[in-house]
Amino acid sequence: MALRVAALLATAAATIVMALNKETRTFVVGTVGTTPVTASVTAKFQHTPANVFFVIANAMASNHNLMMIGSDLFGLEFKGFKLPLVAVLDMLNAALLSAGVHGAAFMAQLAKNGNSHARWNEICDNFQGYCNRGGVAILAAYVGLLLTLGITVVSIVKLLKPKPKPQSQPLASEIEVP
């Protein structure tokens, strides 16, 4: 339960920080006589599909952990299917988080360093706050991913643990009467 709560907090934090990540800067793009001509440019997470996927993946992982915590608190059972179902859903959750965080990390590296071969300039030199908040979100998501992997291991171990055999009742003929 503690791992799920920690993973929920980490993925929810990553979702919120990235979803609210926005920075507007005003640049001088030219001059007319002595008057500077400016343009405002806004960097938002929505401008990069990998960051949009990152937000969706972390939100789905948060929702999954919230539902699992709720099912544990309210004692919901699924007639013997709970352990296999939870293990499979935890593995899918880990894969989804991994894809989201690695895609965002790739885009963060591109934003920080650019790509000279494709002639893509870095943007973090102009949008430092945007990049710093994105880095915090990615770090929180990596923590959430590690916790989710731990949850997955625990789910699989619970699934593979042999169930105790029920004690068989002695037959009436085997009971000793004093």
Side-chain angles (χ1 to χ4, degrees), residues 1-71 86 88-155:
M1 179 69 87
L3 280 175
R4 282 207 189 275
V5 171
L8 169 65
L9 294 174
T11 55
T15 302
I16 292 167
V17 170
M18 186 64 88
L20 297 176
N21 198 6
K22 176 181 167 181
E23 183 177 356
T24 301
R25 297 279 315 255
T26 302
F27 298 99
V28 175
V29 293
T31 56
V32 176
T34 59
T35 307
V37 177
T38 61
S40 292
V41 180
T42 301
K44 298 179 186 179
F45 87 95
Q46 296 100 323
H47 294 161
T48 307
N51 289 346
V52 173
F53 178 65
F54 173 86
V55 169
I56 292 168
N58 277 283
M60 290 176 69
S62 298
N63 187 39
H64 167 74
N65 283 320
L66 188 61
M67 288 176 22
M68 291 297 108
I69 290 168
S71 73
V86 169
V88 168
L89 290 175
D90 285 341
M91 284 189 281
L92 291 172
N93 201 25
L96 180 67
L97 270 175
S98 179
V101 73
H102 286 98
F106 169 76
M107 291 310 296
Q109 187 276 335
L110 189 60
K112 182 178 178 187
N113 300 321
N115 185 331
S116 61
H117 300 291
R119 296 184 185 179
W120 293 338
N121 296 329
E122 65 275 1
I123 66 162
C124 286
D125 57 342
N126 293 316
F127 296 96
Q128 292 173 349
Y130 173 80
C131 289
N132 290 341
R133 287 185 295 276
V136 168
I138 290 170
L139 182 62
Y142 269 116
V143 170
L145 175 61
L146 290 175
L147 291 168
T148 301
L149 289 173
I151 291 167
T152 303
V153 168
V154 169
S155 295

Minimum heavy-atom separation for Ser98 to Leu145, with atom names? N-CD1, 3.8 Å
Exercise: identify the closest heavy-atom pair between Ala10 and Ala140: CB-O, 3.6 Å
Gap between atom SG of Cys131 and atom CD of Glu23 - 0.5 Å precision: 8.0 Å
Are the side chains of Phe53 and Leu96 in contact, using a 4.5 Å heavy-atom criterion? yes
Val17 versus Ala137, closest heavy-atom pair with distance: CG1-CB, 3.9 Å
Using side chain to side chain donor-acceptor pair (under 3.5 Å) as the criterion, list what pairs up with Thr148, not counting sequence neighbours. none
Please table the atom pairs, donor to acceptor, closer than 3.5 Å between any side-chain atom in residues 57-70 and protein atoms at least two apart or in another chain.
residue: Asn58; atom: ND2; partner: Phe54; partner atom: O; Å: 2.9
residue: Ser62; atom: OG; partner: Thr11; partner atom: OG1; Å: 2.8
residue: Ser62; atom: OG; partner: Ala12; partner atom: N; Å: 3.1
residue: Ser62; atom: OG; partner: Asn58; partner atom: O; Å: 2.9
residue: His64; atom: NE2; partner: Asp90; partner atom: OD1; Å: 2.7
residue: Asn65; atom: OD1; partner: Arg4; partner atom: NH1; Å: 3.0
residue: Asn65; atom: ND2; partner: Ala61; partner atom: O; Å: 3.3

For Tyr142, what residues pass the ring pair (Phe, Tyr, Trp, His ring centres under 6.0 Å) criterion, not counting sequence neighbours? His102
Kindly compute the distance separating CG (Leu3) from CG (Leu146), expressed to the nearest 0.5 Å. 11.0 Å
Under the side chain to side chain donor-acceptor pair (under 3.5 Å) test, which residues partner Arg133, sequence neighbours left out? Asn21
Acceptor/donor pairs from residues 24-34 side chains to any protein atom, 3.5 angstrom cut, sequence neighbours excluded:
residue: Thr24; atom: OG1; partner: Thr42; partner atom: OG1; Å: 2.9
residue: Arg25; atom: NH1; partner: Asn126; partner atom: O; Å: 2.5
residue: Thr26; atom: OG1; partner: Ser40; partner atom: OG; Å: 3.2

Mind listing the closest non-hydrogen atom pair of Gly103 and Ala50 along with its distance? O-CB, 3.7 Å
Where do Leu149 and Ala94 come nearest, in terms of heavy atoms and distance? CD2-CB, 3.9 Å
Report the C-alpha distance between Val52 and Thr48 in whole Å, list the side-chain angles of each, state the deciding distance to 0.1 Å, and finish with yes or no for side chain to side chain contact (heavy atoms under 4.5 Å, CB included). CA-CA 7 Å; Val52 173; Thr48 307; over 6 Å; no
Ring pair (Phe, Tyr, Trp, His ring centres under 6.0 Å) with His47: which residues, sequence neighbours excluded? none
Okay, side chain of Glu122, backbone of Lys112: is any donor-acceptor separation there less than 3.5 Å? no
Is the side chain of Tyr130 donor-acceptor paired with the backbone N or O of Cys124 at a distance under 3.5 Å, no angle test? no
Please answer whether the main-chain N or O of Leu89 pairs with a side-chain N or O of Asn93 as donor and acceptor at a distance below 3.5 Å. no
Is there side-chain contact between Leu9 and Val5, with heavy atoms separated by less than 4.5 Å? yes
Phe127 and Val41, any side-chain heavy atoms less than 4.5 Å apart: yes
Return the minimal non-hydrogen interatomic distance between Ala7 and Ile151, and the atom names on each side. CB-CD1, 3.9 Å
